[in-house]
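Report on the following structure.
Throughout, residue positions are numbered sequentially from 1 according to the sequence presented. We count ligands from 1, going down the list as the structure has it; atoms in each ligand are counted the same way.
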Amino acid sequence: MPEPDISQSAKAPFKAPRHVAIIMDGNGRWAAARGLPRAEGHRRGVEALRRTIRAAGEIGIEFVTIFSFSAENWSRPVSEVRELMELLRRFIRNDLAELHQNNVRVRIIGERQSLDPEIERLLVEAEELTKNNDGLTLVVAFNYGARQEIARAAQRVAEQVAKGKLDPAAITVETIGRCLDAPDVPDPDLIIRTSGEQRLSNFLLWQAAYSELVFVPIYWPDFDRAALEAAIREYQQRERRFGGLVAKTGS
Ligand code: FPP
């Protein structure tokens, strides 16, 4: 087997966005197009995820957030939900050691309470094991919905008000931001969605206020480093003005 071209990866061809969030869409359609079961699409989706995390680290991206199971995905057939849970279990069991070795810090966002206790334990284990790592941060959105996250934040704010620790008139954007699931993670600069669909589907609605959106017309299992770099190049063409007049180019 030829050695990986480290010189290529060490010399990033461009300055990367700090935070890239990804809606990994199209596993089912990828499988259907090949006459394969949907589960095979999800399995190949995990391989694409491994490639993407590796490439993101090499390119110098600091944060990658992935939409791995949405709060709405429970409405899928029981067998598919079971398959997705099993993939998460296997992903943590098989890949956690390597992620840790590569200095990746794992963070989880989403609703924890209603999860199977074993899944919840694995998520906590992944966060605990990697909490002191200072390389790439991989934020896994699991059982995640943005509206639900904002509602949780509102509950946390309301608790402070109820305890008399916060004056309602003093609630600001920053107050809400501090009560989100991962308040210290910066907003995504770039959100990528694969499969050609062009919507956010309840993903990071608060944090996406000024994100650049790039829609990629390939199914997630086909995503790779070249596709990631192409999306970043598109992002770099955009002018980011954050509501002002002066462009802060995506770099
Ligand atoms: C969308 O494809 C993808 C998902 C609902 C799940 C994404 C999950 C993975 C890539 C693998 C699991 C990752 C971890 C960390 C466990 P779709 O099924 O909606 O495809 P379709 O729109 O073509 O039907």
Side-chain angles (χ1 to χ4, degrees), residues 20-57 63-100 102 104-112 115-116 118-127 129-130 136-146 148 182 191-204 215-225 227-228:
V20 177
I22 309 177
I23 303 176
M24 310 180 289
D25 195 14
N27 296 347
R29 278 165 285 168
W30 181 92
R34 289 160 181 76
L36 297 169
R38 290 177 61 81
E40 185 56 25
H42 293 314
R43 279 194 285 277
R44 297 292 287 264
V46 175
E47 287 172 22
L49 175 59
R50 289 194 186 103
R51 283 198 293 276
T52 304
I53 296 169
R54 217 169 290 135
F63 297 86
V64 171
T65 298
I66 52 163
F67 205 178
S68 78
F69 189 86
S70 81
E72 288 77 24
N73 284 155
W74 294 107
S75 63
R76 294 191 175 200
V78 175
S79 57
E80 183 164 344
V81 169
R82 204 179 297 135
E83 174 69 25
L84 287 167
M85 294 291 157
E86 186 51 36
L87 277 180
L88 177 80
R89 239 180 242 130
R90 258 186 266 150
F91 179 70
I92 295 185
R93 287 212 191 102
N94 300 340
D95 294 61
L96 184 59
E98 190 187 326
L99 291 172
H100 184 43
N102 290 333
V104 173
R105 181 173 180 198
V106 178
R107 303 281 301 270
I108 314 290
I109 57 173
E111 211 270 306
R112 305 275 187 104
L115 289 177
D116 172 293
E118 201 218 329
I119 297 269
E120 156 72 356
R121 195 177 49 71
L122 283 172
L123 297 179
V124 171
E125 184 188 320
E127 283 191 309
L129 179 71
T130 62
L136 174 83
T137 297
L138 175 66
V139 183
V140 180
F142 194 80
N143 194 22
Y144 176 85
Q148 291 85 338
I191 298 181
I192 299 171
R193 181 173 189 149
T194 56
S195 93
E197 305 288 347
Q198 303 193 357
R199 58 181 170 270
L200 284 176
S201 298
N202 204 15
F203 185 50
L204 302 179
F215 300 104
V216 180
I218 60 172
Y219 296 137
W220 174 251
D222 289 329
F223 198 81
D224 58 10
R225 181 180 178 135
L228 177 63

Task: Numbering as shown, the atoms of ligand 1 that approach L88 to under 4.0 Å (heavy-atom distance) - done: 16 (C)
Open item on the list: Quick one about E40 and N27 (side-chain donor to acceptor, distance below 3.5 Å, no hydrogens or angles considered), yes or no?
Closed with: no
Task: Derivation and outcome, salt bridge (Lys or Arg N to Asp or Glu O under 4.0 Å), residues R54 and E47 - done: CA-CA 11 Å; R54 217 169 290 135; E47 287 172 22; over 6 Å; no
- [ ] Between R38 and ligand 1, find which residue part has any heavy-atom pair under 4.0 Å and reply side chain, backbone, both or neither.
- [x] side chain
Task: Electrostatic pair R93:E118 at N-O distance under 4.0 angstrom - done: yes
Open item on the list: Going by the closest heavy atom to atom 4 (C) of ligand 1, which one wins out of E47, R90, R50, M24?
Closed with: M24
TODO: Give the numbers and elements of all ligand 1 atoms closer than 4.0 Å to a heavy atom of H42.
DONE: 11 (C), 18 (O)
Task: Min N/O separation N27 to ligand 1 under 3.5 Å - done: yes
Task: Gap between atom OG of S195 and atom CD1 of I23 - 0.5 Å precision - done: 9.0 Å
- [ ] State plainly whether the residues E83 and R76 are in salt-bridge range, i.e. N to O under 4.0 Å.
- [x] no
Open item on the list: Below a 4.0 angstrom heavy-atom separation, can you tell me which part of N73, side chain or backbone, both or neither, approaches ligand 1?
Closed with: side chain
Task: Heavy-atom nearest neighbour in the protein, as seen from atom 11 (C) of ligand 1, with distance rounded to 0.1 Å - done: V46 CG2, 3.6 Å
TODO: Would you check the N or O atoms of W220, main chain and side chain alike, for any that come under 3.5 Å of an N or O of ligand 1?
DONE: no
Open item on the list: Going by the closest heavy atom to atom 18 (O) of ligand 1, which one wins out of R29, R76, E72?
Closed with: R76
- [ ] Identify whether the distance between the nearest side-chain nitrogen and carboxylate oxygen of R82 and E86 falls below 4.0 Å.
- [x] no
Open item on the list: Can you confirm whether more than 12 heavy atoms, excluding those of R38, are under 6.0 Å from its CZ atom?
Closed with: yes
Task: Euclidean distance, I192 CD1 relative to M24 CE, rounded to 0.5 Å - done: 12.0 Å
Open item on the list: Counting only nitrogen or oxygen atoms and a 3.5 angstrom limit, does G28 reach ligand 1?
Closed with: yes
Open item on the list: Using heavy-atom distances only, which candidate in S70, A39, S68 approaches atom 8 (C) of ligand 1 most closely?
Closed with: S68
Task: Pair R51 + D224: basic N to acidic O under 4.0 Å - done: no
Task: Distance filter under 4.0 Å to L49 heavy atoms, resulting ligand 1 atoms - done: 15 (C)
Task: Atoms in ligand 1 with a heavy atom of D25 nearer than 4.0 Å - done: 1 (C), 2 (O), 17 (P), 19 (O), 20 (O), 22 (O)
